[in-house]
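Everything below concerns the one structure shown next.
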Amino acid sequence: MRRTMFRMLWSDPPDEPPDELRVTESMVRRAGTVLAVATVVLMLIITLSA
């Protein structure tokens, strides 16, 4: 297998996501965590009330 190295030009933009994307990703990550915890708590409440 042959490896190739890509050379970037000095005028190329940095390979970093914009700040808005970072903020959005962190919000989605937090929302996923909250949803997972809420699901577990809801399942426990349903199980204990039955």
Quick one: CG on Leu42 to CG on Leu35, what's the gap to the nearest 0.5 Å?
10.5 Å

Share the residues that join Ile45 in a hydrophobic cluster, the rule being Ile, Leu, Val, Met, Phe, Trp or Tyr side chains under 4.5 Å apart at the heavy-atom level.
Val37, Val41

If I take atom CD1 from residue Ile46 and atom CE from residue Met43, how far apart are they, to the nearest 0.5 angstrom?
5.5 Å

